Structure formats: structure tokens, C-alpha cells
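Report on the following structure.
Worth saying up front: this structure is predicted, and the values here are computed from it rather than measured.
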Amino acid sequence: ASKVHVFFCNERLGEGKCYKGAMKNLVEPLGIPAAQVYQVPDGTPEEVASKYEALLKGMPRETVGRSLSGMPVVDLVLLGTGEDGHVGSLHPNKAEIRASGCGKVVLPINEGGKTSVAVSLDFICAARRVVLSAAKASRAPMVLRALRSGSGCFDCPASMVCAQDTTWLVDKDSIAMYAAKNVFDPAVAHLQSFWDIPGMKAGVITGDLCWALLRFAKAKGFAIPAVNCTSTSTVNAVLEAGKDLNRPVIIQFSEGGSAFFAGKSLANNAKQASTLGAVAGASYVRAVSPAYGIPVIVHSDHCAKKLLPWFDGMLAFDEAHFAKYGEPLFSSHMLDLSEEPHDENIGICAQYLERMAKVDLILEMEIGITGGVEDGVDNSGVSKDKLYSTPQEVWQVYEKLAPLSEKFTIAAAFGNVHGVYKPGNVVLRPELLGQFQRYAGKILQSKMPLNFVFHGGSGSEKEKIDEARGHGVVKMNVDTDTQWAYWEGTKVFYDNNEGFLQGQIGNPNGLDKPNKSHYDPRKWVREGEVTMTKRVKQSCQDLHNFDGAPVQSGCHARLVFSRHGESEWNVANKFTGWVDVDLSEKGVGEAKAAGDLIKEEGLKFDVCYTSFLKRAIKTCDYALEAADQNYVQVNKTWRLNERMYGGLTGLDKKETVLKHGADKVLIWRRSFDLPPPDIDEDSEFHPKREAKYAGLDPSDIPKTESLKTVIE
């Protein structure tokens, strides 16, 4: 108990309720010294928040640690939760929970004259361990929702707590409800195969199981092709490709394709034929897909506002199927209201998602506009600025939909166009997806929280597909390429057998010879299936949806290290460390050459990190310019500064060896835990003299460093 220090996550000012409770139930029973209990002071919320934050930041490092970003780190945070998902004084959708990601430690709260302070979610998540207490049956629905949320929602702050070690204290009702819903662990990246996902099966998958597969795809850096089908034959071609590769596939039906599936002679004035065709197609996939031995997602494609009767019809069948079998008929549906005003688009999607969530359906929605012509919707003349979404637009979608269900994907526009066009006519910018992820991730304090869909995938360059995968694309639509592939097989068959296809009788082998074996639909339809299957397999290869595909360690990231170019003190052969010297002329050339190599290797960066030292900053800038990636965000931190050489700083390396001996200098330079002598406080090279370090705590400025202290 003598080593325990107690701080408070929240306190109502002027009441001291938390302090009194802690003294009675924790401090006194455990014998914790009163001097180690830090009561929240008096004052206005702003004054108190500032004082308490300064207290936490000013504590010795052995009492309160510090994260790389400078956030105070405590060993344990104990938090109560409410039925609405609040933790401490961080309540759903309030300004305090929305301040997450801003780096604040203690937040002032003033609501209707009731004043208090609370630590931020950033502080909570930086802790080494957090224990959330929710041991009441009435909290069971909240616990279930919080544990099912993969990235957290502002309307349930408890779902956003993600410390190094997060433990829930719950009651038996919560445990039973959790088990009954067969909730999947959001951390699927550790699994070796999609077959390792609990409950994975051959055939149509829905709900949590389907969502787990999409999250697994994102974690492993692959995407699943979604192929538009118009008949049992085209469905079979897609299933065959999946069977041959032992990989999941997505079969989707457009409104026009659904009407074709049911029969073009049927009336469709109220989209009844389209509804019937889509339901028939989904039912057919359900009937045959288990025999192909792979998981299958059944999806409906673009539904514009004028096609909503079709959507409503399918959803009614889903609800009936759910009532009878406990799962929807389809796995997911897409709403494409991108032609409508942005707020209306999101609002209608929210209304439908709330209804879909009740039957475990996944929603795909589109913002921005996909160009070209698709299923009777002509966007070929749309303004080019409409082809590119913005981070703010994407965030508005997440902000509106996430409180309703985690099960939604976003088809954000990054220059996508339906169909196949000459090179140069379409300018895809998949790097925008990375910007969208970073914008949302900064707010949510989460790595790649968004799940994207790539529309207009036919004819896209392989490198653009690769880059999109790396930014969280889990599904890519393929239609035009597979349409051509199906026709090509039929066409080649005709070209090779033209003499046998001019009549029922008579061919190159004789005027009385029958041709049934050639014109039988099972012959030429099958040839179309074969070439379509081949093209679907190519899409799987392009999307890394094949066994043995390179896996990016579950984080979709490649880390590239670069040393700075030669500096002026490298030339002078001096110990440099924290001294801010510039690049030499040769160093500038080395930095540019590094950028050339980056460009040659096709490396695309989301973000760069560098130190406060100009030789590193300029190396980064020159390299990015040479790689044509000046737009990449660059973050600077003193923690990436080179090792502090202490008393050796500024000395000539050869002269130092002559003065102290080669063995001693070698120990100072290369030993793990023996640093050089401290830098003199009056040294002209002491970092405290530089403005760039004026905001640092003096204890953070090293006087010398060994490799061990650099790591620590």
C-alpha cells in the first residue's frame, strides 16, 4: 500500500463524492498513506482541469509514466459504467467523449450549472490496465453492444475503451447474453485462415459471421471480388472460381439483373419482378453454394432512390426469413443515394440501417458518385469534382451510422468509373482512402476504423487495386470484365465451330450430319462459364484473395527506415547527437536518391515520422519530393532525435580517441548501457539553449544517453 498513489478519473466540484468514497472503501482499508491520495482541488472547471493535468504530468516517472505522445500513463484505471454506456463522466455523444484524439488529459465539464472534471478517453486508453465494472443485469445489453463493437461509438463510450489490458467485471446475465449471441472477438488478425473464424462454414453466411470475414479480410490485407450475376449460369461460374481457389466470393444482383433473372416478360412497374428475381437468385445461391465448399456472401447492388421499392421488397423477404430461420435471406444490401443531397443520403441510409440491424444485415452505402453507366443509371456526364469524396463527408457517414450498427461499409468515391475506358480517361486516387482512414482514426484513436468498397473495379490498374487494399478495401465490384469474359467464351466457341452452327443438319463433315452436340446450350453456355470463371479467379488474384497470398501482418502497413543524408558534421568528423547541423551537398543528393528508390519500388506512404533535427527533416522532405509524394503528412517529435552524446558533443572523433583512448571511446559509442560523460550545463551545444525544446519538461532533456536509456 505504501507504493500506491491514488488519482481520480472524475469528480463533481464542491462535493468530493468520489474522494470520500475512495477514502472509505479503498484508501483506509488498504492503509494507503493519505499523502499519496490526490484530491481534486477547488475552482472553476477550467482551473481545476488545468491544475489536475499539471499534477499528473508533473509526477515522477516512477509514479506516473509517460507515453510516446507525452500522455501520462498510470498502472490501473478503475471505471464504473452506466446502462447507457458512459464511463466515469464521459457520457454518450457529449463534447467530452468527442474530444477523444485531441491529446487532452483532464477535461472541464459544465452542464446546466453542474460542474465537474473528468480524465479524457485518451488518458484512459493510455493506461497499462483498465477495469470496467458493469456487474448489474440491467447493464447486460450495453455490455453486449460494447463488446461487439469493433471500433467503438460515441454513443457508447465503454465500447471505445482499448487500453493495453482491458478487463470487464460483469454479471452472469451479461455472460449468458454474450454467449447466446455467439459474439466474435474483434481481434481476428491472429487467425491463420478464414476457416479459423468460429462458426465459419460453406454456403451463405450472414450477420456476425459475415462481418467477421470482412474484418478478417481487412486484417490480412485482401479483398473479396463481388461479381454481378444475372442467371444460374453466371452464379455457377463465380462459385466454381471460389471452389477452385478454396476462397470466399461475393455474388451480387443488380436491380436490372434481378429482373432478368426472373424473366424479362414479367411486369416490373412496382419492381415486383426485380424483387422476385433477387429473392430467387439468393435462394438459388443458398441451395447450391454449400456443395461448392466455400463461404459465400449474397449481396444486392446499386439501389438508387427511384429503386427503393425493390429494396423494400427484398428487405421484407429478409425479415420473414429471419423470423423463420434466425438469419436474413441475403447477407447484405447496397443503397446508392449518392445522387441525392449528402445529408439526405446519410439520413435515408440511417433509417434503413436501423431496420436492417434488427435482422443482422450489413449495409453498403455510397457517397460521391461513381461515373459511367451502370444498370440504367447514367453518370457519364457528372462533374469531375463529384467523383472524389472528402474526409469530412466520410466522417459524417461514420458518425451517423456507427451508433446504429457496426455492420456497414462505405463506397467512397476516389475517381471510380463503371465500365472499361482507355488509359488516362479515368484518374483513380486510392490514396484518398488513406486520408479518410487517418481523419477518422485520429478522432476515434483507432487504426483504420473504416471498411471501404471499391466500385468500378473492372479495368483498374493493378497498382491502384493494391493501394486500395492497403487502405481498408474489403470488397471490389467486378462486372464489365466478367460480362466480356462470359461473352468471349461463347464467341470463341462460335468462331471455332461456325460450320456446325448454321443449321440443325449439315456441317463440314457432311450435309446430312446433325449439329445437336454443338448448338445444345449446355455446350456453348458452358464455354461462357469457363472463361468467366477464369476471369473471376484473376480478380481473386488481383485482390490477394488466394491461398498463399502475401499477408501484411494484420496491419496493412510496411515500415520503411531511412537514415538522414550526410551532415556537415559527418564531414567534419564530429560527435553530433542533438546538435542541429545541416545536410552537406552530398547528403542532399543521398536524400534525393532515396526518394528515387522509393519511387522505383512503388512504395506509397500514408504518414512519415521524423525528429526535430533539420538533417532528418530535410532528408524526409527531399525524399518525398523525389518520390512525388509531397502531400504525405509528416509528424515531427523530439523522441526521434539521435542519441545524445553528452560531453562528447562537438568534439572531433579522432582527437577524442587520442585523448581518452580507443577502448574507452568504443565503450561510450557502442556499449549498451554505459553512456558518455554528461554534457556540461554551460556547453554551447546544450539543447536547453534551443527554442525547439522550450516546451519540454527539463527532465525530458537528456544530459547523456546510452543505447539502453534511448530505448527506455
Looking at Glu327 and Arg286, is any side-chain nitrogen of the basic one under 4.0 Å from a carboxylate oxygen of the acidic one?
yes
Could you tell me if the side chain of Ile505 sits less than 4.5 Å from the side chain of Asn515, heavy atoms only?
no
What pairs meet the ring-ring contact (aromatic ring centres under 6.0 Å, His included) rule with one or both residues in residues 507-543, with sequence neighbours excluded?
Phe500-His518
Would you please name every residue forming a salt bridge (charged side-chain N to carboxylate O under 4.0 Å, His left out) with Glu467, sequence neighbours left out?
none
Decide ring-ring contact (aromatic ring centres under 6.0 Å, His included) for Tyr388 and Phe414; before the verdict, give the C-alpha distance in whole Å, the side-chain angles of both, and the deciding distance to 0.1 Å.
CA-CA 5 Å; Tyr388 301 97; Phe414 55 97; 8.5 Å; no
Quick one: side-chain hydrogen bond (donor to acceptor under 3.5 Å, both in side chains) partners of Asp244, sequence neighbours excluded?
Lys537
Scan Thr533, Asp481, Thr234 and name whichever one has a side chain to side chain contact (heavy atoms under 4.5 Å, CB included) with Tyr486.
Thr234
Please name all residues satisfying salt bridge (charged side-chain N to carboxylate O under 4.0 Å, His left out) with Lys513, sequence neighbours left out, ordered by chain then number.
none
Once ring-ring contact (aromatic ring centres under 6.0 Å, His included) is applied, what residue pairs with a partner in residues 255-300 remain, sequence neighbours excluded?
Phe253-Phe261
Residues Lys305 and Glu339 bridged, charged N to O under 4.0 Å:
no
Are Tyr352 and Asp312 side-chain neighbours, meaning at least one heavy-atom pair lies under 4.5 Å?
yes
Taken in chain and number order and not counting sequence neighbours, the residues that satisfy salt bridge (charged side-chain N to carboxylate O under 4.0 Å, His left out) with Arg355 are Glu319
Parallel, tilted or perpendicular: which describes the rings of Tyr325 and His321, with under 30° parallel and over 60° perpendicular?
tilted
Going by side-chain hydrogen bond (donor to acceptor under 3.5 Å, both in side chains), Asn228 matches just one of Gln252, Gln483, His302. Which one?
Gln252
Would you check if Glu344 and Ile348 make a side-chain contact, meaning some heavy-atom pair closer than 4.5 Å?
yes
With a 4.5 Å cut-off on side-chain heavy atoms, are Met334 and Glu366 touching?
yes
Would you indicate whether the side-chain heavy atoms of Ser331 and Ile362 approach each other to under 4.5 Å?
no
Do the non-hydrogen side-chain atoms of Ser332 and Ile297 ever get within less than 4.5 Å of each other?
yes
